[in-house]
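These figures come from a predicted structure and were not determined experimentally.
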Amino acid sequence: MAKTKTKTKPLSTIKPLLGSVREYKKPSLITPFFMAVEAFCECLIPFFAGLLISKINVTGIQADAAMRQILKYGGILLGLAILSLLSGGLAGKFAATASCGFAKNLRHDLFYKVQKFSFANVDKFSSSSLVTRLTTDVTNVQQSYQMCLRIVIRVPLQFLFAIIMSFITNAKLAWIFLAITPILGVLLVLIMLYVMPFFRKIFKKYDALNNSVQENVGGIRVVKSYVREDYETVKFKKAAGEVRDDFTKAEKILALNNPIMTFFINFACVVISVLASFAIVKADFWAATSNFEVGQLSTLISYGIQMLSCLMMFSMIFVMLSMSLESARRISEVLTTESDLTSPENGLKEVKDGSIRFENVNFKYAKTANKYALSDIDLDVASGETVGILGGTGSSKTTLIQLIPRLYDATDGAVYVGGVNVKEYDLDVLRQEVAVVLQKNVLFSGTIKENLRWGNAEASDEELVRVAKLAQAHSFIESFPDGYDTYIEAGGTNVSGGQKQRLCIARALLRKPKVLILDDSTSAVDTKTDALIRHAFKEEIPNTTKIIIAQRVSSVEHADKILILDGGKIVACGNHETLLKTSDIYREIYEAQTKSKAPEKEEGGDA
């Protein structure tokens, strides 16, 4: 995976994500308003509570007037409490709506972006990393977004209101709170700067952890077949342990936040309480605090507690933002990555026919690669022809056919389909007309009908049966109790390899493509079924260009043209008879495969 710069400006990281707010802008804007009202109410409550307390000890002639004041302040306090409750409840409602909607849109945008990626783009990110970004990272950003709408608005306002109201209550004593604020701010920033690198490492290790889980779930049969459960368990424990260790280091540092803040605020409250008590008991103590009342002391302590609460919430915000900023960077990296393959503006909407031409084509997977995967490829295929491709492992057979539907782009030269450079087509149109059944056949959870209709969502049941018969899949589908409504597990784990291949071929045929590419897609079927599939192709889709990559000569010997690939080059081209005479590689493969069958016939004859 490509290295990513860790020093990224927060604004440039966050900006791509804000586009996912969309229809949730209104609740996002309403939430801060209600949070401001709640913060204002909560800061007024200690002030009026202090005034009420000051009236409690009034006696004599002023008692009746004091009682009226008590009732007045009590009513104000009740009203403020109700308003605070309503504002907080509404803010929570709108914040939840906005944050959950934002996360939904963000996942949609990420998933949609990944669907548009070329194979080269997908190679840049591991699948486990993309899963982490779509799940853990989005959840972190969602929680931070909700915090920003609620706490990030409320905390600064409440802290500011508390400072102002404490100065209104007693300006000289309020300076004690103000003096410790920059000290706490500096300590908080230092802690965050120390912790941030840990979170960067944690998310990379999350990717490794998810990769371990994915590999084990996907390859559970192989793990059990080779009795490697203990080995995989140790590997998983190591990955999980590394995540735990980094989280533990970060949390140990972050755990210092609350004790430090509690100490400083409590220290300030103690100093204020001592000075205020002297002022209340001894009227001539420190002129600045003369005429100090018990209610004022209660008010100042309440504001001190509010400031402590705000600072603790600040620390919680910084912790979450520290984690989510790294998550936001990872998400932004995907959202801002442009696909290497894009449809041209006003791209062609029709593919004339299935003719294919490679013209001086060279290809390598990365610009920095020293060696070409394909080199000096020149090839002409007429529409409707059947082309077979043979070659050893690593000869770039799959790479060659991936250039036709623009899963990759040629590094040099050009590829033409229907007489037009593939780069001039609208991508969706090109890929609709070039159906590829890849080596790794993938079926998705759902019924057989639903899987087949990936080829054509509007296909009728009759069409499904027709392509299933062409792919020699109809008979085994009908043998299932539920027929075409049989449920396929994720990955097609409840059907055999050969059955999976035939379903994937049927799915591709349903698109009625002008070019059909089978990338070793009949390797798991027997030779008789393979022959029946090829015969069906010849009879039913004669005008479709068919490209068959195979390991068996019998799968391609009746092709109009057979290519022999070696080291990323076409070393021989011709029909079966021609290659037997001119190509040593083809002749060796043919003789090796036909000889391996001879003993079986002799053995059968002796029997």
Side-chain angles (χ1 to χ4, degrees), residues 354-363 371-404 415 436-439 498 501 505 515-538 542 544-606:
S355 62
I356 299 168
R357 186 168 89 254
F358 283 73
E359 193 174 273
N360 302 321
V361 169
N362 297 310
F363 172 77
K371 185 179 179 183
Y372 283 99
L374 290 169
S375 56
D376 303 322
I377 304 296
D378 287 287
L379 175 67
D380 276 298
V381 178
S383 183
E385 275 192 330
T386 298
V387 178
I389 302 178
L390 292 174
T393 301
S395 60
S396 297
K397 303 185 295 295
T398 297
T399 304
L400 178 71
I401 60 96
Q402 285 177 341
L403 299 180
I404 300 171
V415 180
V436 184
V437 184
L438 295 168
Q439 280 179 316
Q501 286 186 335
I505 293 171
V515 178
L516 175 64
I517 300 172
L518 304 180
D519 186 0
D520 205 13
S521 303
T522 58
S523 58
V525 302
D526 58 83
T527 53
K528 180 182 177 181
T529 303
D530 186 14
L532 289 172
I533 292 172
R534 285 185 280 107
H535 179 73
F537 287 172
K538 184 177 180 180
T544 297
T545 303
K546 297 164 283 289
I547 299 178
I548 303 170
I549 295 176
Q551 299 297 330
R552 294 185 298 223
V553 172
S554 60
S555 297
V556 299
E557 65 179 325
H558 299 293
D560 300 304
K561 191 177 293 181
I562 302 171
L563 309 180
I564 307 298
L565 260 67
D566 187 32
K569 295 183 178 182
I570 298 176
V571 295
C573 179
N575 59 25
H576 175 67
E577 290 75 17
T578 301
L579 290 177
L580 280 176
K581 297 175 183 177
T582 60
S583 174
D584 293 338
I585 296 175
Y586 185 80
R587 188 165 52 251
E588 287 175 8
I589 296 172
Y590 177 76
E591 290 176 353
Q593 291 184 4
T594 52
K595 284 180 180 179
S596 65
K597 295 177 182 178
E600 295 178 10
K601 293 179 181 178
E602 293 171 7
E603 190 177 323
D606 293 338

Let me check something: any side-chain donor-acceptor pairs from residues 531-538 under 3.5 Å, sequence neighbours excluded? List them with distances.
from, atom 1, to, atom 2, distance (Å)
R534, NE, S555, O, 3.4
R534, NH2, S554, O, 3.0

Look only at the side chain of S521 and the backbone of V437, and say whether a donor-acceptor pair between them is shorter than 3.5 Å. yes
Residue pairs meeting side-chain hydrogen bond (donor to acceptor under 3.5 Å, both in side chains), one or both in residues 394-404, sequence neighbours left out, come to Y365-T399, T398-D519
Please report the interatomic distance CZ(F358) to CG(L403), rounded to the nearest 0.5 Å. 5.5 Å
Please give me the minimum heavy-atom distance between G391 and Q551, naming the atom from each residue. O-OE1, 4.1 Å
Residue of the set L563, I562, I517, I564 for which side chain to side chain contact (heavy atoms under 4.5 Å, CB included) holds with I389: L563
Does some side-chain heavy atom of I404 sit less than 4.5 Å from a side-chain heavy atom of I547? yes
Chi angles and distances behind the side chain to side chain donor-acceptor pair (under 3.5 Å) call for N575, T578: CA-CA 5 Å; N575 59 25; T578 301; 2.7 Å; yes
Under 3.5 Å donor-acceptor, E385 side chain and K561 backbone: no
Rounded to the nearest 0.5 Å, the CZ atom of R552 sits from the OG1 atom of T527 at a distance of 6.5 Å
Taking side chain to side chain contact (heavy atoms under 4.5 Å, CB included) as the test, write out the residues that go with T386, two or more places apart. K546, I548, A559, D560
At their closest point, which heavy atom of G574 faces which heavy atom of L579, and how far apart are they? O-CD1, 3.5 Å
Rounded to the nearest 0.5 Å, the CG atom of N362 sits from the CD1 atom of I377 at a distance of 8.0 Å
Smallest heavy-atom separation, A382 atom then T545 atom, equals O-OG1, 3.8 Å
Rounded to the nearest 0.5 Å, the CD1 atom of I589 sits from the CG atom of L390 at a distance of 5.5 Å
Just by distance, do the side chain of S355 and the backbone of S383 share a donor-acceptor pair under 3.5 Å? no
Measure the CG-CD distance between D584 and E591 for me, rounded to the nearest 0.5 Å. 9.5 Å
Residues which pass side chain to side chain contact (heavy atoms under 4.5 Å, CB included) with N360, listed by chain and number, not counting sequence neighbours: D378
What pairs of residues pass the ring pair (Phe, Tyr, Trp, His ring centres under 6.0 Å) test when at least one of them lies in residues 567-588, not counting sequence neighbours? H576-Y586, H576-Y590
Just to verify, what does D380 make a side chain to side chain contact (heavy atoms under 4.5 Å, CB included) with, not counting sequence neighbours? R357
